[in-house]
Amino acid sequence: MGTRPNYRKPGWFTRNVVNRVVAGFTRLGISVAGSRVLEVPGRKTGEPRRTPVNLLGFGGNRYLVAPRGQTQWVRNLRAAGRGNLLLGRRSEPFQAVEVPDAEKEPILREYLRRWTWEVGQFFGGVGPDSPDDELVRIAPDHPVFRIES
């Protein structure tokens, strides 16, 4: 039997309060700690699906990291290969390139350095100061996409 894909479902408070507040500010054009609203076509309906995300600028590239694992937005982005990043009235179309596990360690470290306070609970005790091998170990549990405009 194979291993179950990592996914941490958001709780009621996150879904109904935190995500809505962050998305509301982002719709007004106010980025909360680098937030954007990710808009991706749904796999089955093609209808736009939206969720707040943290956009990481690192090493001259921009990335989306899935702290909760194999989420619906991850599955939709894999299927579509494209999406839009929304901030206020601005909509930035992009192509998504999934980053191989072997290349994730420095990206995950930087993501955790910036947002441990928000997402650290989803990384099983691994933080920005953890040894490289710990970040390599958790890399398969956290999809990462490079954003190409």
Side-chain angles (χ1 to χ4, degrees), residues 1-27 31-59 61-87 92-148:
M1 184 183 290
T3 59
R4 204 169 114 198
N6 178 53
Y7 173 59
R8 303 277 302 260
K9 186 175 181 176
W12 182 91
F13 186 77
T14 298
R15 276 192 326 271
N16 294 290
V17 178
V18 176
N19 283 355
R20 289 180 182 183
V21 168
V22 170
F25 277 117
T26 305
R27 275 193 299 276
S31 177
V32 179
S35 67
R36 299 291 189 279
V37 171
L38 171 65
E39 181 181 73
V40 182
R43 296 184 305 285
K44 296 176 183 165
T45 65
E47 294 295 316
R49 303 291 180 211
R50 292 180 175 176
T51 190
V53 293
N54 292 321
L55 181 62
L56 173 67
F58 176 69
N61 290 303
R62 296 182 308 153
Y63 299 94
L64 294 176
V65 175
R68 293 177 179 273
Q70 307 294 329
T71 63
Q72 293 300 321
W73 75 256
V74 167
R75 294 171 185 169
N76 288 337
L77 192 54
R78 279 184 182 139
R82 63 179 175 76
N84 292 298
L85 291 171
L86 310 176
L87 181 61
E92 177 191 352
F94 69 88
Q95 298 293 316
V97 177
E98 192 158 3
V99 175
D101 291 342
E103 298 173 20
K104 291 180 185 175
E105 181 267 323
I107 300 164
L108 291 173
R109 185 178 304 283
E110 182 63 16
Y111 187 85
L112 285 165
R113 188 184 71 72
R114 293 193 194 174
W115 290 295
T116 293
W117 58 273
E118 181 184 355
V119 299
Q121 64 200 3
F122 306 121
F123 288 85
V126 176
D129 299 323
S130 294
D132 293 353
D133 63 331
E134 285 295 296
L135 287 151
V136 169
R137 179 181 61 77
I138 65 162
D141 294 336
H142 302 283
V144 175
F145 296 89
R146 188 176 60 251
I147 299 305
E148 298 182 350

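Ionic pairing of Arg109 and Asp129 is not present here: no N-O contact between side-chain nitrogen and carboxylate oxygen is shorter than 4.0 angstrom. Using a 4.0 Å cut-off between charged nitrogen and carboxylate oxygen, Glu47 and Arg49 do not count as a salt-bridge pair.
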CA sep, side-chain torsions, deciding dist, call: Leu86, Arg50, side chain to side chain contact (heavy atoms under 4.5 Å, CB included): CA-CA 9 Å; Leu86 310 176; Arg50 292 180 175 176; 3.5 Å; yes
CA sep, side-chain torsions, deciding dist, call: Asn54, Glu118, side chain to side chain contact (heavy atoms under 4.5 Å, CB included): CA-CA 10 Å; Asn54 292 321; Glu118 181 184 355; 3.2 Å; yes
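Of all the heavy atoms in Val40 and Ala80, the pair that sits closest is CG1-CB, 4.3 Å. Taking every heavy atom of both residues into account, Gln95 and Arg82 meet most closely at NE2-CB, 3.9 Å. What you find for Val99 and Arg146 is that their closest heavy atoms are CG2-N, 3.9 Å. Contact record, Gly127 with Ser130: N-OG, 2.8 Å, taken as the closest heavy-atom pair. The shortest non-hydrogen separation linking Asp101 to Lys104 is OD1-NZ, 2.7 Å.
The side chain to side chain contact (heavy atoms under 4.5 Å, CB included) test applied to Arg78 returns Gln70, Val74, Glu98, Pro143, Phe145, not counting sequence neighbours. Listed by chain and residue number, Arg43 satisfy the side chain to side chain contact (heavy atoms under 4.5 Å, CB included) test with Ala79 (two or more places apart in sequence, or in another chain). Residues forming a side chain to side chain donor-acceptor pair (under 3.5 Å) with Glu110 (at least two apart in sequence, or on another chain): Arg113, Arg114.
Counting only heavy atoms from C-beta outward, the side chains of Leu38 and Phe94 approach each other to under 4.5 Å. Proximity of Pro106 to Phe58: side-chain heavy atoms (C-beta onward) are separated by under 4.5 Å at one or more points. Looking only at side-chain heavy atoms (C-beta outward), Asp133 and Glu105 stay at 4.5 Å or farther from each other.
Rounding to the nearest 0.5 Å gives a distance of 12.0 Å between CD of Glu39 and CG of Leu77. One finds the CG atom of Leu85 at 6.0 Å from the CG atom of Leu64 (value rounded to the nearest 0.5 Å). Interatomic distance, Leu135 CG to Tyr111 OH, rounded to the nearest 0.5 Å: 13.5 Å. With rounding to the nearest 0.5 Å, the separation of CG in Leu108 from CG in Asp141 is 10.0 Å. To the nearest 0.5 Å, the span separating OG on Ser35 from CG on Leu55 amounts to 9.5 Å. Note that CD1 of Ile147 and CZ of Arg36 are 11.0 Å apart. Values are rounded to the nearest 0.5 Å.
Under 3.5 Å, the side chains of Glu92 and Asn84 contain no donor-acceptor pair of N or O atoms.
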